[in-house]
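Values in this document were obtained by computation on a predicted structure and should not be read as measured data. Counting convention: from 1, in listed order, for ligands and their atoms alike.
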Amino acid sequence: MGLLLLALLVQVEVLGLLQPRAAVATGAGRPLQLRAEGERLLVDGTARAGPLRLDGGARGLRLSVPGLAGPRTFPGTLLIWARRGRLQLVDELELEEYVAGVVAAELGPRPEPAAAEALAVVARSFAVRRAAEAAARGPAQAHATSSPLCDQTHCQLFQGRAAAAARAAARATAGRVLLVAAGRVAPALHHAACGGRTSAAAALWPGASADEQEAGTPVDDPLPGGGPPRPACAEGPGEAPLRYAVRLEPAQLAAALGLVPPLHLAIDRDPEGWLRRVEAGGPPLTAEELHLRLGRALGWDRVRSARFTLEESAGDPVGSAGPSLLLRGVGHGHGVGLCQRGAAALAKAGYTAARILARYFPRLRVGALPKGLDPR
Ligand SMILES: [Zn+2]
Ligand SMILES: [Zn+2]
């Protein structure tokens, strides 16, 4: 089984958000100056045909890029080419190196071991499922390169080589994935904080497949133990608050929706009072679609989740563009699948990785990676 796992490679588009024009790569030999000029890649000033493959060996390849705080080390092989004056970078690496990298990037340098192991299983399942879908249907259109995965929360955060704790979590769970009842690797997801109850994949994405719905079954996420009921992901010292509020001017909302104010909003709420759908003159949008549009328009740190209410702000003067709106929300991220802050709290309370996974994925089971998934 060890040999089979070693053969599993994944491809990840890296630094696609930065779109660097230049970089310095340091591997086993001397540093290489890389520069994109139109469709040409210059290596130490000399143009070369075809993509460059760089392998940093056991220590990894160090890449220094303007705009990054420090160099980033990538395991495996980096494929580099130029497009429209920007470097295109794809890291081709072993699945387990990628899993460790995701755990490190998502949970930081000192995660709770059981939470890190649970996330490793989720991250592995997501990557294997995504790679298999890309192999069957073609690569995701959402990425600049043809890689099935990117290094942002759009897929899973990945910042290259992982620190020891994350590597240990990947090793402890090597080859273990979440499976749907039919035995396929589950399209399992994770997010930062659910706010007390995870979201249904079907509610967020009306086109969710049966497997996505099985993996994205909503559950309550209470903190175990006595005392008044609290979400497992309730804020501890030094953590961002679970609740947030954003005042929206009508023009901001209109711009995010691609409409012209004044807006006439028709809001459909779920039984708990959260916005389910909104209609503002165009086709109706789900909460997740509005979350994504507001994220793109205002920045991703403001409307932090897809669970919020939207109301006219009482006491505001009604201007020609209409009253401003108050958006109040809870949680961080899409809310489907494993709640990272909740998992950390459960681990602190003594839960094993298996119990954490059982809470967030009640319809899935943990098993070995099915044979025949080697993408080569
Ligand atoms: Zn992506
Ligand atoms: Zn939670």
Side-chain angles (χ1 to χ4, degrees), residues 10-19 88-91 98 101-102 105-107 112 114-115 118-119 122-123 126-134 137-159 187-200 204-205 216-225 229-236 239-244 272 274 288 292 295-296 300 304-307 329-349 351 355-362:
V10 292
Q11 288 200 336
V12 186
E13 173 186 299
V14 296
L15 306 177
L17 207 64
L18 272 174
Q19 296 258 318
Q88 310 289 309
L89 300 147
V90 169
D91 192 7
Y98 170 70
V102 171
E106 295 275 0
L107 299 186
E112 288 290 328
L119 183 64
V122 180
F126 177 90
V128 168
R129 175 77 183 215
R130 180 59 72 86
E133 283 173 354
R137 289 206 306 247
Q141 300 294 310
H143 302 146
T145 69
S146 59
S147 297
L149 298 160
C150 71
D151 61 356
Q152 296 299 306
T153 52
H154 171 265
C155 289
Q156 312 190 93
L157 278 184
F158 174 73
Q159 295 168 349
L189 299 176
H190 53 90
H191 60 276
C194 73
R197 183 170 170 78
T198 65
S199 300
L204 261 67
W205 304 293
T217 299
V219 296
D220 288 326
D221 190 22
L223 197 64
R230 294 177 72 204
C233 44
E235 61 261 36
E239 284 185 320
L242 212 50
R243 294 184 177 274
Y244 61 89
E272 291 169 81
W274 303 112
E288 173 66 357
L292 294 178
R296 260 179 238 126
W300 296 102
R304 296 205 295 260
S305 70
R307 184 170 289 164
V330 67
H332 196 172
H334 51 59
V336 179
L338 181 138
C339 167
Q340 290 175 10
R341 253 162 70 168
L346 295 178
K348 270 196 196 114
Y351 275 49
R355 273 185 83 194
I356 293 171
L357 291 169
R359 165 174 291 198
Y360 296 112
F361 302 99

Quiz item: Do any N or O atoms from the side chain of Q11 and from the backbone of D91 form a donor-acceptor pair under 3.5 angstrom?
Solution: no
Quiz item: Backbone N or O of R197 within a donor-acceptor pair of the R307 side chain at under 3.5 Å?
Solution: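 Yes: the side chain of R307 pairs with the backbone of R197.
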Exercise. Report, rounded to 10°, the angle at the Zn ion (ligand 1) between the two atoms NE2 (H143) and ND1 (H154).
Key: 110°
Practice problem: Report, rounded to 10°, the angle at the Zn ion (ligand 1) between the two atoms SG (C150) and SG (C155). | Solution: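 The SG/SG angle about the Zn ion (ligand 1) sits at 120°.
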Quiz item: Step by step, would you call H190 with Q156 a side chain to side chain donor-acceptor pair (under 3.5 Å)?
Solution: CA-CA 9 Å; H190 53 90; Q156 312 190 93; 2.8 Å; yes
Quiz item: Given atoms SG of C194 and SG of C233, what angle do they subtend at the Zn ion (ligand 2), to the nearest 10 degrees?
Solution: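 Value, to the nearest 10 degrees: 110°.
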Practice problem: Check D221 and report its N/O/S atom nearest to the Zn ion (ligand 2), by atom name. | Solution: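 Going through the N, O and S atoms of D221 one by one, OD2 ends up nearest to the Zn ion (ligand 2).
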Quiz item: Does the pair R359 and D221 meet the rule for a salt bridge (Lys or Arg N to Asp or Glu O under 4.0 Å), with working shown?
Solution: CA-CA 8 Å; R359 165 174 291 198; D221 190 22; 2.8 Å; yes
